Amino acid sequence: MANYLQPLLMTGLLFAWVVQAVPDHSHFFYQDFLNGNGKKTFRMNGEKLNVDTSKASVFSLRGGNATLPCRYWYEPELSSAKMVRVKWSWVPTVGGQETDVLVAVGSRNRSFGPFRGRVHLRQDGPGDATLLMTELQLNDMGRYRCEVTHGLEDQSSLVDLELHGVVFPYQPPHGRYHLNFLGAQQACEDQDSTLATFEQLYQSWEEGLNWCNAGWLADGTVQYPITQPKIPCGGPGLAAGVRNYGRRNRHHHRYDVFCFSSSLRGEVYYLQHPLKLNLTEAQVACQQEGAEIAKVGQLYAAWKFTGLDSCDAGWLADGSLRYPITRPRINCGLSEPGIRSFGFPPPQHKHGVYCFKSVTE
Ligand SMILES: *[C@@H]1O[C@H](CO)[C@@H](O)[C@H](O)[C@H]1NC(C)=O
Ligand SMILES: *[C@@H]1O[C@H](CO)[C@@H](O)[C@H](O)[C@H]1NC(C)=O
Ligand SMILES: *[C@@H]1O[C@H](CO)[C@@H](O)[C@H](O)[C@H]1NC(C)=O
């Protein structure tokens with residue numbers, strides 16, 4: 001039964017490939033399945049296809065590039081290479097469907113959705129299916145699958161794309177524990193960031209993040225990082241650690257959120273201005289500079305990646321008042337580096353402002 005069906009299936013596949021076959025000068029495509037007299041010589045007997053991404057994860061920065069390695073080969077080695085189909089797909093860190101990134105057969109290739117124009121195959125010799133990504137965005141984080149198909153053989157391997165960044169707790173203007181999961185996702189996006197993963201929060205905890213309010217993470221769990229156990233935070237008897245409320249109802253349960261931001265293509269700065277400004281005046285003053293009032297995620301990114309340090313409290317886009325300290329000193333609020341927050345003052349109050357000016361290509 002199987003022996004009878006297989007040649008038919010193969011013929012069908014071959015036909016599809018021949019139709020797609022166009023002359024090609026890359027290393028990728030070897031048109032060896034039709035020999036001189038037009039007879040099909042297509043063997044897959046005993047040759048095992050292998051696919052390897054060689055790394056568990058690749059790190060980069062927002063705005064940067066990434067190289068996701070992938071290699072395929074046969075055992076035993078083929079006398080001549082064969083045409084394969086390479087497909088890269090992606091499962092976002094925040095969850096959801098696996099979606100197509102790029103498909104290549106011979107010289108034909110297509111990239112999809114938000115990846116269009118930002119992904120290419122390296123094709124650095126036979127068997128190289130490495131994916132090159134440019135202009136990385138926060139949303140690109142996640143698990144990538146390199147899948148190689150040859151006839152009926154189909155092998156794949158996984159690699160995670162992660163970005164270096166900074167985790168920050170976020171609470172909206174209307175106060176503590178007001179966000180369901182969707183609201184939390186939106187709140188991070190509004191601050192030019194994305195929901196933090198557990199791994200990102202854990203790393204921040206290792207770096208000293210101590211926060212007594214529970215917040216949503218990308219996987220739909222609610223957790224909070226404690227490095228200095230105290231009475232109002234579950235008591236001094238409880239050990240330090242990332243405390244986990246587990247998976248909560250995404251619609252009905254409400255908490256704060258932990259957001260994640262990476263480096264910026266642009267600059268955050270405290271606006272030198274002769275007057276103190278109310279919130280509307282602050283927005284206008286940044287616009288007059290060809291900039292915009294900075295978002296919370298941008299302030300954190302500038303603090304983390306460019307060492308922004310300023311003792312002046314300034315308005316941010318969400319109506320909060322904050323300042324960034326990388327070199328702690330007397331009269332600058334913090335004994336440790338961090339972003340000092342003064343909550344959400346009435347918008348008519350007069351303060352300074354932080355602006356963000358993006359780098360335009
Ligand atoms: C990313 O790759 C592009 C094209 O290969 C290159 O022009 C650019 O300089 C790279 N960017 C960074 C940040 O390395
Ligand atoms: C993908 O297709 C484009 C044209 O659509 C071509 O310029 C490019 O070389 C192809 N890349 C690969 C990896 O085949
Ligand atoms: C800020 O001051 C301007 C006048 O300079 C006024 O029109 C505006 O309503 C004030 N905005 C707030 C939020 O108080």
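In this text, all values refer to a predicted model and were calculated from it rather than measured experimentally. When reading the values below, keep in mind they use all heavy atoms of this one structure, side chains included, and skip hydrogens, waters and symmetry mates. Both ligands and their constituent atoms are indexed starting at 1 by order of listing.
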Q348 and ligand 3 - part of the residue with a heavy-atom distance under 4.0 Å: both
Aromatic contact, Y255 with Y224 (centres under 6.0 Å): no
Close-contact set for ligand 1 against N65 heavy atoms, below 4.0 Å: 1 (C), 2 (O), 3 (C), 8 (C), 10 (C), 11 (N), 12 (C), 14 (O)
Atom 13 (C) of ligand 1 [closest protein heavy-atom partner, distance rounded to 0.1 Å]: G64 CA, 4.2 Å
Flag: protein heavy atom within less than 4.0 Å of atom 2 (O) of ligand 1: yes
Nearest-neighbour protein heavy atom for atom 11 (N) of ligand 3, which is reported as residue plus atom name and distance: T280 OG1, 2.6 Å
For atom 5 (O) of ligand 3, closest protein heavy-atom neighbour: E281 OE2, 2.6 Å
Mode of L279 contact toward ligand 3 - side chain, backbone, both, neither (heavy atoms, under 4.0 Å): neither
Q298, R62, K295 screened by side chain to side chain contact (heavy atoms under 4.5 Å, CB included) with S261, the one that passes: R62
Donor + acceptor pair across side chains of D309, T326 (<3.5 Å): yes
D318 and S320 side chains, donor-acceptor separation under 3.5 Å: yes
Heavy-atom nearest option to atom 4 (C) of ligand 1, drawn from T134, L61, L132, L136: T134
Side-chain donor-acceptor contact under 3.5 Å, Y323 with S341: no
Nearest-contact summary for atom 10 (C) of ligand 3 - protein heavy atom, Å: N278 ND2, 2.5 Å
Check ion pair K350-E281 (N to O, under 4.0 angstrom): yes
Distance-only side-chain donor-acceptor flag, Y74 / E153, under 3.5 Å: no
